[in-house]
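Remember, it's 1-based here, ligands and their atoms both numbered in the order they're listed.
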Amino acid sequence: MPLSDSILAGLRALLGNDQVLTSQEDLIPYSFDGTAALRQMPGCVAFAATMAQVAALLKFANANKLAVVTRGSGTGLSGGSLPSRDSVVLCTVKMDRILELDRANLTLLAEPGVTTLAIADAATAAGLFYPPDPGSMKISTIGGNVAENSGGLRGLKYGVTRNYVMGLEVVLPDGEVMWLGNKCVKDVAGYSLKDIFVGSEGTLGVITKVLLRLIPKPLAKKTMVATFARMDQAAEAVSAIIAAQVIPCTLEFLDRMTIRCVEDYAKIGLPLDCDALLLMETDGHPAVVAEEAAQMERCCRDCGCLELRIARDDAEAAQLANARRSAFAALARVAPTTILEDVTVPRSELARMVRFVEGVAKKHQLRIGTFGHMGDGNLHPTFLTDERNHDEMRRVEEAFKEIFAEAVRLGGTITGEHGIGVAKKSFLPGFAGGAQMRVMRELRRALDPNGILNPGKMFD
Ligand SMILES: Cc1cc2nc3c(=O)[nH]c(=O)nc-3n(C[C@H](O)[C@H](O)[C@H](O)COP(=O)(O)OP(=O)(O)OC[C@H]3O[C@@H](n4cnc5c(N)ncnc54)[C@H](O)[C@@H]3O)c2cc1C
C-alpha cells in the first residue's frame with residue numbers, strides 16, 4: 001500500500017519537512033543501486049541527521065509495520081539497498097561526521113555516512129593507515145562497507161572491513177540503541193554481537209556509529225605490472241607468489257577484454273598485446289619491500305610473463321591502481337547492461353576457475369570481461385549484455401548458475417564481498433544448507449519480529 005498522508009506527516013514531524021522526499025522525480029535516483037537490471041520505486045526517501053532521529057524513525061516504522069531500507073551511497077552490487085515496494089528508504093549520507101581520531105589508541109570514530117575515502121584521508125593526515133579500499137571508495141559509505149563487510153584491493157595482506165571494526169552503535173528495529181565493542185584490543189565478554197552486524201546487509205539493525213582500528217602507515221611500497229600471453233599463466237604466477245610465502249598488499253588481475261576497455265577509458269599506456277595483466281604492490285619496511293618485489297618478479301618470469309614494469313614513483317603507482325579501480329566503469333561503457341559477478345575460490349583453484357569462466361562464455365556465446373582480487377581468489381566475471389535481449393539474459397542466467405556451481409564445487413563461495421541482497425538469495429540455501437539457514441532466520445526473527453528491516457533481502 002502506498003504510504004498514507006498521516007504516515008508521511010508522522011515522518012516529517014520526526015525528521016523535518018524537507019527531509020522526506022515523495023515526488024516521483026525525487027524518488028527515481030533512489031529506485032536502484034549499483035546492481036544491473038533491478039529497479040523498484042520506494043514510498044518515500046527519509047534523511048536522518050542523528051542517531052536519535054534514526055531511533056525515532058525505526059520506533060515509528062515498527063509501530064506502523066512500515067518496511068525500512070537503509071541506504072548509504074547505493075553503490076552495492078547485490079541489490080541490498082534496492083527499495084522494497086512502498087518502503088521508507090532511510091538514507092544516512094547526512095550523518096557524515098568523523099567524530100574522533102584517537103592517536104593513543106589508534107582508532108577512529110565516524111558516523112555511517114562518511115565516505116570510505118574520507119576515512120582513509122583522515123587516517124593518512126594523522127600519519128596512520130586505514131587499509132580497506134573497495135573500488136567504490138570515493139563514494140561508498142563506511143556504514144555500507146560495514147553492512148556488506150566490504151573487501152577491496154588490499155584484502156590479501158590487510159583483510160576486509162570486519163578486521164577493522166572495533167565497535168558499533170546500532171539502532172534495533174524497535175528503536176532501542178546498543179553500543180557494541182570498545183577500544184580494547186582484547187574483549188571476550190559475552191557473545192561477539194558486533195560481528196553479527198558486520199555483513200548483515202541492513203537486515204538486523206541500522207549502524208549509526210563505527211569505531212575503526214587504524215594501523216601504522218607502511219614506510220615504503222613498490223607497484224608493478226606484469227603481462228602474460230595466457231590467463232592461466234597469470235593465475236599460476238599468483239599461486240607461485242603465495243606458495244613462495246610472499247603476501248603482497250595488492251595482487252589484482254585484468255583479462256584481455258578488461259585491459260582494452262580500461263585503456264580505452266583511462267588512456268594510461270597499458271600494454272595491449274597480452275591476455276592477462278597482474279597489478280602487484282608490496283608495502284612495509286624498505287628492505288622487505290625490495291626483497292618481496294624481487295621474489296614476485298622471479299615468480300612472474302618463471303611463469304612466462306611477457307613484460308614486467310615497475311612504477312617509477314607514487315604518481316605512476318596511483319595511476320595504475322586507479323586504472324584497476326576503473327575496470328567496472330570501463331566495461332560498463334561497452335554494453336547497455338553490465339552484470340558484475342563475485343565468485344571466490346581457494347587460490348590453488350584459480351587457474352581452473354579462470355579457464356571454466358572462459359569456457360562458459362564460449363558455450364553460451366556471451367561476452368565476459370574478468371578482473372578481480374586474484375590474490376584473494378576473488379574473481380569478478382562481468383557480463384556485457386543487454387537486459388532488453390531476453391534470449392541473451394536467459395543465457396546469462398544459465399552461465400551464472402554454472403559458474404556458482406563450479407566455484408562451490410572447487411571449495412569456493414557464491415560471493416566474496418558483494419553480499420547476497422536480492423541478486424543471490426535464491427543461491428544461498430543451496431550454499432549455506434538447512435541448519436545455517438534456520439539459525440539465520442531465527443536470529444533475524446529475534447531481532448526484527450515484525451520483519452521491517454530490508455524485507456526480502458538475503459532470504460524471504
Ligand atoms: C565501481 C564499484 C566498485 C566496487 N568495488 C568494490 C570492492 O572492491 N569491494 C567490495 O567489497 N565492494 C565493492 N563494490 C560494492 C559496494 O561499493 C560496497 O558494497 C559498498 O560497501 C556499499 O556501500 P554503500 O554506501 O554504497 O552502501 P549501499 O549500497 O547504500 O548499501 C549496501 C547495503 O548496506 C546496507 N546499509 C547501508 N548503510 C547501512 C547502515 N548505516 N546500517 C545498516 N545497513 C546499512 C544497505 O541496506 C544495503 O543492504 C563496488 C561497487 C562499485 C559500483
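Here is the list of ligand 1 atoms found below 4.0 Å of a heavy atom in A147: 34 (O), 35 (C), 36 (N), 44 (N), 45 (C). Within the listing of ligand 1, atoms 20 (C), 23 (O), 25 (O) sit less than 4.0 angstrom from a heavy atom of S140. Residue contact check: R71 has heavy atoms under 4.0 Å from atoms 30 (O) of ligand 1. When each atom of ligand 1 is checked for a heavy atom of N454 under 4.0 Å away, the hits are 47 (O), 49 (O). Every atom of ligand 1 is numbered from 1 in the order shown, and the set under 4.0 Å from a heavy atom of V206 is 42 (N), 43 (C). Ligand 1 places these atoms under 4.0 Å from at least one heavy atom of S150: 11 (O), 18 (C), 19 (O), 20 (C), 21 (O). Remark: ligand 1 atoms within the under-4.0 Å shell around heavy atoms of P112 are 41 (N). Interface of G205 with ligand 1, defined as ligand atoms under 4.0 Å from a residue heavy atom, comprises 43 (C).
When G199, A48, G72, G372 are checked for heavy-atom proximity to atom 30 (O) of ligand 1, G72 turns out nearest. The closest heavy-atom contact to atom 33 (C) of ligand 1, among the options E148, M137, E111, comes from E148. Atom 11 (O) of ligand 1 has its nearest heavy-atom neighbour, among G151, G34, G79, in G151.
Residue-level proximity to ligand 1 for N145 is carried by backbone and side chain together, each with a heavy atom below 4.0 angstrom. Heavy atoms of H373 found under 4.0 angstrom from ligand 1 belong exclusively to the side chain. Proximity of S136 to ligand 1, defined as any heavy-atom pair under 4.0 Å, is shared by backbone and side chain alike. With a 4.0 Å heavy-atom cut-off, ligand 1 is reached by no atom of V146. Proximity of E417 to ligand 1, defined as any heavy-atom pair under 4.0 Å, is shared by backbone and side chain alike. Neither the backbone nor the side chain of K457 comes within contact range of ligand 1; no heavy atom lies under 4.0 Å.
Under the 3.5 Å distance criterion, the side-chain polar atoms of T35 are matched with a main-chain donor or acceptor of G76. Within the 3.5 Å criterion, the main-chain N or O of L254 finds no donor-acceptor partner in the side chain of T258. Remark: side-chain polar atoms of N62 are not paired, donor with acceptor, to backbone N or O of K59 under 3.5 angstrom. No donor-acceptor pair under 3.5 Å is formed between the side chain of E252 and the backbone N or O of L279. In this structure, E406 contributes its side chain and E402 its backbone to no donor-acceptor pair below 3.5 Å. A side-chain donor-acceptor contact under 3.5 Å links D342 to the backbone of E417.
Side chains of T116 and S140: a donor-acceptor N/O pair is present below 3.5 angstrom, by distance only.
For D33, the closest heavy-atom approach to ligand 1 does not fall below 4.0 Å.
Between R260 and E263 there is no salt bridge, since none of the side-chain N atoms of the basic residue sits less than 4.0 Å from a carboxylate O of the acidic one.
Proximity of the aromatic rings of F328 and F371 is defined here by a centroid distance below 6.0 angstrom, and this criterion is not met.
In terms of protein heavy-atom proximity, atom 37 (C) of ligand 1 is nearest to G144 CA, 3.6 Å. Looking only at heavy atoms of the protein, atom 46 (C) of ligand 1 is closest to T70 O, 3.0 Å. G80 C, 3.4 Å is the protein heavy atom nearest to atom 48 (C) of ligand 1. For atom 8 (O) of ligand 1, the nearest protein heavy atom (residue, atom name, distance) is G135 N, 2.9 Å. With hydrogens left out, the protein atom closest to atom 12 (N) of ligand 1 is H418 CD2, 3.5 Å, a heavy atom. The protein heavy atom nearest to atom 22 (C) of ligand 1 is T75 OG1, 3.3 Å. When only non-hydrogen protein atoms are considered, atom 29 (O) of ligand 1 lies nearest to G76 N, 2.8 Å. In terms of protein heavy-atom proximity, atom 42 (N) of ligand 1 is closest to I207 N, 2.9 Å.
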Problem set entry | From CA spacing to verdict: ring-ring contact (aromatic ring centres under 6.0 Å, His included), Y158, F129 | CA-CA 11 Å; Y158 290 107; F129 187 32; 5.3 Å; yes

For this session: Begin from the C-alpha positions of F383 and F400 and carry the test ring-ring contact (aromatic ring centres under 6.0 Å, His included) through to its verdict.
Result: CA-CA 10 Å; F383 292 77; F400 275 154; 4.8 Å; yes

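Considering both main-chain and side-chain atoms, G74 comes within under 3.5 Å of ligand 1 through a nitrogen or oxygen pair.
The CG atom of N454 sits 10.0 Å away from the CG atom of D448 when rounded to the nearest 0.5 Å. To the nearest 0.5 Å, atoms CD1 (I98) and CG (D121) are separated by 8.5 Å.
If you run side chain to side chain donor-acceptor pair (under 3.5 Å) between D283 and each of K221, K157, K217, only K157 comes through.
Counting only heavy atoms from C-beta outward, the side chains of R154 and P132 never approach each other to under 4.5 Å.
Legend: side chain to side chain donor-acceptor pair (under 3.5 Å) pairs involving residues 421-430, not counting sequence neighbours, sorted by first then second residue: E341-K424, K425-D460.
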